[in-house]
Amino acid sequence: MSIIPRAFYNRPTLTVARELIGARLVRVLNGQKLVGLITETEAYIGETDLGCHAKAGRTARTAVMYGPPGHAYVYFTYGHHWMLNVVTEREGFPAAVLVRAIQPIEKAEIMSQRRSGRDTFGPGKLTQAMGITKTENGIDLTRRGAGLWIEAAPAVPARLVTKGPRVGLYTVPEPWKSKPWRFLVKDWRLDTGG
DNA sequence: AGCACGATGCTCT
DNA sequence: GAGCATCGTGCTT
């Protein structure tokens, strides 16, 4: 399988968010190669997007979003959960795609164990299933070196993809709160042919 | 099956 | 010191 190159991420964030649906998220953990298909994403686009962390400008936390595309932006929230994002657009423009759900397809049993048998559907759940924490913040997802990368996969046809408002932006003002910048697979599941 | 709420700690004001 | 791109439990229907 081929790693998705940096040029893929150096494009409009909405395009990247849509095209990451179906891609293979790969994580090497304790010598095991865990793989999940990305089934849900959200776009966060620049300082003018009041749902995006970069709305407050460049800070220690958001610095990664201002860096080159194709890197991981991992942050901690609600006192419990790690969120995995992929930095998009040109260096200097803060934007990223939040990976909200995966469908485990290789070593699914390991990921299930790490979740005590519960599902991996949710942004904080997939990072727990794949062992992604602040250690992975800032790593280059276009190389295998750090044990976390994204591989290309067959395109998911438009009829299988839905979009809607982003989740959890309770206090974000309109129009940002309702922008249809969330992409997800219908029925939460891709046909893996077996 | 759905909703309400508490957990829990980091980041920014 | 408040708020937060969430999750799991427990209670209600």
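Since the model is a prediction, treat every value here as computed from it, not as a measurement.
Within 4.0 Å of A:G124, counting heavy atoms only, lie sugar-phosphate atoms of the nucleic acid but no base atom. As judged by a 4.0 angstrom heavy-atom cut-off over every strand, A:R115 is placed among residues touching the sugar-phosphate backbone only. No contact: A:R166 has no heavy atom under 4.0 Å from any strand.
Rounded to an integer number of Å, the gap from OH of A:Y170 to P of B:dA4 is 11 Å. The OH-C1' distance, from A:Y78 to B:dA4, rounds to 14 Å in whole Å. One can place OH of A:Y75 at 13 Å from P of B:dC12, the figure rounded to the nearest angstrom. Separating the CH2 atom of A:W82 from the C1' atom of B:dC10 is a distance of 8 Å, rounded to the nearest angstrom.
For an aromatic pair to be called close, the ring centres must be under 6.0 Å apart, and A:Y75 with A:H53 satisfies this.
Checked against A:Y73 for a side-chain contact (heavy atoms from CB on, under 4.5 Å), the options A:V97, A:N137, A:L84 give a single hit: A:N137.
Looking at A:W181 and A:I45, their side chains come closer than 4.5 Å, going by heavy atoms from C-beta outward. With contacts defined as side-chain heavy-atom distances shorter than 4.5 Å, the pair A:F93/A:M65 does not qualify. For the pair A:R166 and A:E42, the minimum side-chain heavy-atom distance is below 4.5 Å.
Bracketed by its first and final contacts, the part of DNA chain C lying under 4.0 Å from non-hydrogen atoms of chain A reaches from C:dC4 to C:dG8 in 5' to 3' order.
Side-chain atoms of A:H71 never come within 3.5 Å of backbone atoms of A:V87 as a donor-acceptor pair (strictly under, hydrogens ignored).
Under a cut-off of 6.0 angstrom, the local environment of CZ in A:R143 is sparse, with at most 12 non-hydrogen atoms contributed by other residues, nucleotides or ligands. For A:K163, the NZ atom is loosely surrounded, since the number of other residues' heavy atoms within 6.0 Å does not exceed 12.
Both tests do not hold together for A:R11 against A:Y9: distance to the six-membered ring centre under 6.0 Å, angle to the ring axis within 45°.
Where A:G51 and A:Q128 each meet DNA chain C at their nearest nucleotide, the meeting point lying more 5' is that of A:G51.
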- Query: Where each pair must be Watson-Crick or G-U wobble with both distances under 3.5 Å, what dot-bracket representation of DNA chain B is obtained, with crossing pairs in [ ] and other-strand partners as |?
  - Reply: |||||||.||||.
